[in-house]
Amino acid sequence: MRIVRALWGSTHPGPTLVVTVLALTLGIAVGLELWRLTLLALAVFAGQVSIGISNDALDAARDRAVGRTDKPLARGDVSLRAAWGAASVALLVALALSAPLGWRMLAAHALFLGSAWAYNAGLKSSALSIVPFIVSFGIFPSLATLSAPDPVFAPGWAWIAGAALGSAVHLTNVLPDLDDDARTGVRGLPHRLGARVSAVLAASAVLAGGIAVLLGTSGGDLATVSIVSWLFFAGVAVVAGWTIVRALVRPPARVLFRLVMVAALLLAAQLVASGAALAE
Ligand SMILES: CC(C)=CCC/C(C)=C/CC/C(C)=C/COP(=O)(O)OP(=O)(O)O
């Protein structure tokens with residue numbers, strides 16, 4: 001039980017659940033039948049487990065060096081061997097569950113996972129650290145549309161919204177860890193840009209993503225945008241705008257991280273609210 005709890009704690013439970021729920025809601029929005037929806041959600045969940053645990057396994061020595069007590073592997077609650085075993089099994093399960101949904105979905109999910117594992121394996125410490133987030137989250141809406149009986153890639157605006165969401169997640173996820181990372185030599189793009197520029201870029205990306213959804217779903221005719229989509233977009237615009245102003249006029253603080261996360265969640269909700277347009 002202790003091992004299972006430690007492994008679960010190493011999956012990055014928050015992002016694992018959020019990404020799984022996002023896949024599920026996009027699947028519902030594009031009208032997948034129950035068995036397809038179930039496979040999609042379980043495959044994405046297993047993939048997230050593999051990404052999260054392998055990330056902590058690769059970071060264990062660094063996390064121990066800076067005394068990260070929030071990391072079960074750094075605390076020694078579970079062995080590295082068990083972690084690698086769990087991450088490998090989860091990866092295989094993710095691919096095996098994707099296969100019945102068709103080879104296109106399998107290939108897209110393999111790209112999503114390969115890009116995320118490449119981040120864990122070293123890209124996180126380079127100036128290209130944002131690329132896996134652009135690639136993985138860019139293709140993410142297509143995991144739902146490619147799971148349909150008539151598989152299609154999601155439209156361009158959904159790729160833009162996904163990539164914007166991924167960029168914002170990366171640029172802000174590392175903000176609270178900037179000092180620890182500097183001590184252990186992790187220098188990704190946000191470390192090079194600094195907290196203020198990263199927060200402004202993240203909020204701008206979310207805003208651009210919101211505009212892409214608004215224009216994309218309506219084909220440029222804003223009169224056809226539903227009231228729900230407008231409300232989510234208004235939320236995105238207000239929170240992102242506030243974040244940008246706050247980052248520019250006051251010293252960077254943890255509140256920026258929370259603000260960008262709220263704006264990113266509103267963008268995800270806007271994307272899901274416009275989900276029916278994904279399958280058109
Ligand atoms: C990479 C990628 C495209 C993932 C897509 C899905 C996603 C958001 C997974 C969350 C787990 C993760 C790799 C967090 C970043 O770790 P970190 O090492 O930067 O930070 P940490 O200190 O929280 O582990």
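Whatever order the structure lists ligands and atoms in, that order sets their numbers, starting from 1. What you are looking at is a predicted structure, and each value in this text was computed from that prediction instead of being measured. Heavy-atom basis, side chains included; hydrogens, waters and symmetry copies ignored.
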Tabulation required: pairs of a nitrogen or oxygen in ligand 1 and a protein nitrogen or oxygen under 3.5 Å; columns are atom names and distance to 0.1 Å; otherwise 'none'.
residue	atom	partner	partner atom	Å
ligand 1	16 (O)	Asn55	ND2	3.3
ligand 1	18 (O)	Asn55	OD1	3.2
ligand 1	18 (O)	Asn55	ND2	3.1
ligand 1	18 (O)	Asp59	OD2	3.2
ligand 1	18 (O)	Lys124	NZ	2.6
ligand 1	19 (O)	Tyr119	OH	2.6
ligand 1	22 (O)	Arg68	NH1	3.2
ligand 1	22 (O)	Asp177	OD2	3.4
ligand 1	24 (O)	His12	NE2	2.9
ligand 1	24 (O)	Asn55	OD1	3.0
ligand 1	24 (O)	Lys71	NZ	3.1

Original post:
How long is the gap from CG on Leu58 to CH2 on Trp84, to the nearest 0.5 Å?
Top reply: 3.5 Å
**OP:** Hey, could you give me the CG/CH2 distance between Leu146 and Trp103, rounded to the nearest 0.5 Å?
**Re:** 9.0 Å
Original post:
Could you state the interatomic distance from CH2 (Trp159) to CD1 (Ile139), rounded to the nearest 0.5 Å?
Top reply: 4.0 Å
Original post:
Just how far is it from atom OG of Ser147 to atom CD of Glu33, taken to the nearest 0.5 Å?
Top reply: 11.0 Å
Original post:
Per the salt bridge (charged side-chain N to carboxylate O under 4.0 Å, His left out) rule, which among Lys71, Arg64, Lys124 passes with Asp59?
Top reply: Lys124
Original post:
Hey, what's the ring geometry for Phe233 with Trp230, parallel, tilted or perpendicular (30° and 60° as the breaks)?
Top reply: perpendicular
